[in-house]
2 protein chains.
Amino acid sequence: MKQEKIHPISLGRKRKRTKAVFVGSVKIGGDAPVVVQSMTSTDTRDIKATLRQIKTLEFCGCEVVRLAIPDEEALGAFGVIRKAAKLPLIADIHFNYRLAIGALEKGADGIRINPGNLSRARIREVVTAAIGRKAVIRIGVNSGSLQKDILARHGGPTAEALVESAMENIALLEDLGFAAIKVSLKSSDVPTMVRAYRLVSKRTRYPLHLGVTEAGGILGSAVKSSLGIGILLSEGIGDTIRVSVTGDPVDEVRIAYGILRALGIRQVGPDIVSCPTCGRCEIDLVSLVNEVEKRLAGMKDHLKIALMGCAVNGPGEASEADIGIAGGKGSGLLFKKGRVIRKVREKEFISALMDEIDKMIAERGRKHAIL
Amino acid sequence: MKQEKIHPISLGRKRKRTKAVFVGSVKIGGDAPVVVQSMTSTDTRDIKATLRQIKTLEFCGCEVVRLAIPDEEALGAFGVIRKAAKLPLIADIHFNYRLAIGALEKGADGIRINPGNLSRARIREVVTAAIGRKAVIRIGVNSGSLQKDILARHGGPTAEALVESAMENIALLEDLGFAAIKVSLKSSDVPTMVRAYRLVSKRTRYPLHLGVTEAGGILGSAVKSSLGIGILLSEGIGDTIRVSVTGDPVDEVRIAYGILRALGIRQVGPDIVSCPTCGRCEIDLVSLVNEVEKRLAGMKDHLKIALMGCAVNGPGEASEADIGIAGGKGSGLLFKKGRVIRKVREKEFISALMDEIDKMIAERGRKHAIL
């Protein structure tokens, strides 16, 4: 993805400049592109399954992976996984500060600590252990696990409560001379999440990790995550994003790149423009779109592909795309870079499209990966 | 849905006040809630299939349905459909102004005309036909079908080009004394669409119909539509929305309500909060979420349901929800309105949840529909 174009501006708003940190070799914040993260859903103790999932995530463009380390056995497995995996790995720690220290010793590129689940004294010990190592600490505040005193003061997990927890812990880390900090303030409520990040972005220059927490199944999460993460990115807020899906984490990465692509922030993967079909459509567009999506799954090269059912918007959209089909009755016009190149019968749509896509990618001098 | 709470404010931004129009009995603009629209994907000439789809859309909460009328045969079918269907119906017209006039004669509650596909002279005839009837006209500008002169002037389908087309046609309708106008400026490019609506909302007080056009398959559309429609709604712009999905229009309605619900604009349907699962999860959460989503499909009552995998955020989220489960090892704590009511074994999760949901809905004195 070296030739990927990076646009620091979305909807006219320049990205807020933050301090940069490194998670392994991946830069987050500063002038770095918005980084895509995910988290394994396997049992961390199952080394083989976890490594397989990390590889699949990497293949789909995930740039940083987080793993839960709930116990000593998972910590042991993490050591093996860290040695075998290429991507930067973050250890997700709750309740037990010794596991955080253990993960750092085993080479974690970063750890995520949840201020609500570790006492201030314990956080101090973790920070001391992290000093001298090149590990990042994310202060991962979450609406579901805020400190009791803060909850009581604010009457619930409000935006202000999330910010207070984050700022308190930033101060704690800074007092210990630690600066490789990322911050997240996730809420399962989109407006609360948006307001919390807006507030904190005015009060800190550490890079912000955006996410709507506990966002639900794939469709629900696509909606909530696009809203929460997208509204903030469009305001120039956010350095790395993690979409949360109850399901396959590969879908988290697909949705994340969908958000970045649609806002024009990162151009990774195919952008499919296709009409909703209506009483005017005379080709089987739904099957065509499904098949093209399936064939291009995992493709990192950016192409705008228009798959259109009729003559109303078909020629217009197809001519604005890199490659397009404007359907008619059982056939369609194949467009490439704004020009009609030939008429194609419906049963040859897929082969014609794939041929042209392959050619276009080859012309760019790069290979594309197909799952 | 009479008891639905309407919030005119999202993320602190008050909705921009527009003129109100009526599509049949449905008010759009002014102080009306943001109205959810969809469009049939059946062949309009297939009266049975089209009526079936309209009924399904109505069941799922769709409030206005649009149908394509590409020819005389479809126009004839539309007359029959109009008599049989309850929902307000909009006739979607391109190229042929006689079909627009015909649809108005057959009782269309509104027509959508595309300035790019009807000459100014023809629009004039359509408006003349609509005067005296209680039909609304949507000026439906689309990036794929802008007038050639405007495209040439702007060098492509830019936000400014979309706005110019809309403003020109508003003036045309106003000159003819017609005021029951809605306006849309759809682009398949999210930033263009957002900028176009922002611009036009400063220049007109007619209600705005929001949509990202040709938004792709279900997941791609969920992302693009949530971004485009969501960013605008969060700024107080938008009176009615249509999500465009290449696939089942029921998914358009699901996504639309998902956007409105997540922004706190309308509280329709269940809000499912569920964690992404990780190495810490000891229940089969993915199956649980899928099953709950399936069982509650079509439910219009609003309930916040938290389905959580472990003790990190589980109890916190479950206690913020109307009904929640915080999973442990093969079992979970059942929460209702912030209080633990009992421990439930994993295989009884579904029956326990559905019982509590039924009770809670019954307590509200309303029935809920299950597909």
Side-chain angles (χ1 to χ4, degrees), chain A residues 10-11 39-44 67-68 70 74 92 94 117 142-145 157 188 190-191 194-195 214 216-220 222-224 226-227 230-231 234 244-247 254-255 258-259 262-264 272-280 285-286 289-290 293 308 312-313 316-317 320, chain B residues 10-11 39-44 67-68 70 74 92 94 117 142-145 157 188 190-191 194-195 214 216-220 222-224 226-227 230-231 234 244-247 254-255 258-259 262-264 272-280 285-286 289-290 293 308 312-313 316-317 320:
Chain A
S10 177
L11 280 163
M39 185 168 179
T40 51
S41 62
T42 51
D43 185 330
T44 309
L67 296 84
D92 193 68
H94 298 270
N117 289 336
N142 190 296
S143 61
S145 49
S188 56
V190 171
V194 170
R195 279 188 281 110
E214 276 87 63
I218 180 165
L219 192 64
V223 171
K224 290 186 192 175
S226 300
L227 289 169
I231 288 172
S234 77
S244 154
V245 170
T246 309
R254 288 172 68 198
I255 295 170
I259 294 170
L263 290 176
I272 296 180
V273 171
S274 65
C275 71
T277 79
C278 67
R280 210 176 298 274
L285 190 69
V286 177
V289 170
N290 289 342
E293 283 185 345
M308 302 289 296
V312 171
N313 300 312
E317 287 293 345
E320 288 287 318
Chain B
S10 178
L11 279 163
M39 184 167 180
T40 51
S41 62
T42 51
D43 185 331
T44 309
L67 295 84
D92 194 68
H94 299 270
N117 289 336
N142 190 297
S143 61
S145 48
S188 56
V190 171
V194 170
R195 278 189 281 110
E214 277 85 64
I218 179 166
L219 192 64
V223 170
K224 289 185 192 176
S226 301
L227 289 170
I231 287 171
S234 76
S244 154
V245 170
T246 309
R254 288 172 69 198
I255 295 170
I259 294 170
L263 290 175
I272 295 181
V273 170
S274 65
C275 70
T277 79
C278 68
R280 211 177 296 274
L285 190 69
V286 177
V289 170
N290 289 343
E293 283 185 344
M308 301 289 296
V312 171
N313 299 313
E317 287 293 346
E320 288 286 319

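All values derive from a computational prediction rather than experimental measurement. All chains are named by letter (A, B, ...) in the order of the sequence lines, taking the proteins before the strands, and each is independently numbered beginning at 1.
- Across all non-hydrogen atoms, the minimal contact from B:P191 to A:A262 is CD-O, 3.1 Å.
- Heavy atoms closer than 4.5 Å to chain A are found in the backbone of B:T42, but not in its side chain.
- When all heavy atoms of A:V289 and B:G217 are compared, the closest pair comes out as CG1-N, 4.2 Å.
- Between B:P276 and A:M39 there is no side-chain heavy-atom pair separated by less than 4.5 Å.
- With A:K224 as reference, B:V273 is the one residue of B:V273, B:I259, B:I272, B:L263 to meet the side chain to side chain contact (heavy atoms under 4.5 Å, CB included) rule.
- Atoms CZ and CG, from A:R254 and B:L219 in turn, are 5.0 Å apart once rounded to the nearest 0.5 Å.
- The residue among A:T277, A:I255, A:V312 with the most heavy atom pairs within less than 4.5 Å of chain B is A:V312.
- When all heavy atoms are compared, the tightest approach of A:S274 to B:G216 is OG-CA, 3.0 Å.
- Annotation for B:V223 and A:S226: closest pair CA-OG, 3.3 Å, computed over non-hydrogen atoms.
- At distances below 3.5 Å, at least one donor-acceptor pair connects side-chain atoms of B:T246 with backbone N or O atoms of A:C275.
- Contacts of B:R280 classified as salt bridge (Lys or Arg N to Asp or Glu O under 4.0 Å), with partners at least two apart in sequence or in another chain: A:D92.
- Under 3.5 Å, the side chains of B:E317 and A:S188 contain a donor-acceptor pair of N or O atoms.
- Between chain A and the residues B:E320, B:R195, B:H94, the largest count of heavy-atom pairs under 4.5 Å involves B:H94.
- Rounded to the nearest 0.5 Å, atoms CG (A:N290) and CD1 (B:I218) are 10.0 Å apart.
- Of the atoms belonging to A:L67, not a single heavy atom falls under 4.5 Å from chain B.
- Contact check for B:I231 versus A:L11: side-chain heavy atoms found under the 4.5 Å cut-off.
- Contact count versus chain B (heavy atoms, under 4.5 Å) is highest, among A:S145, A:G316, A:C278, for A:C278.
- The most heavy-atom pairs under 4.5 Å with chain B, out of A:G220, A:S234, A:S244, come from A:S244.
- A pairwise comparison of heavy atoms in A:G279 and B:A68 identifies N-CB, 3.7 Å as the closest pair.
- Here A:L227 is the residue among A:V245, A:V194, A:L227 with the most heavy-atom pairs under 4.5 Å with chain B.
- Interface residue B:S143: backbone and side-chain heavy atoms are both found under 4.5 Å from chain A.
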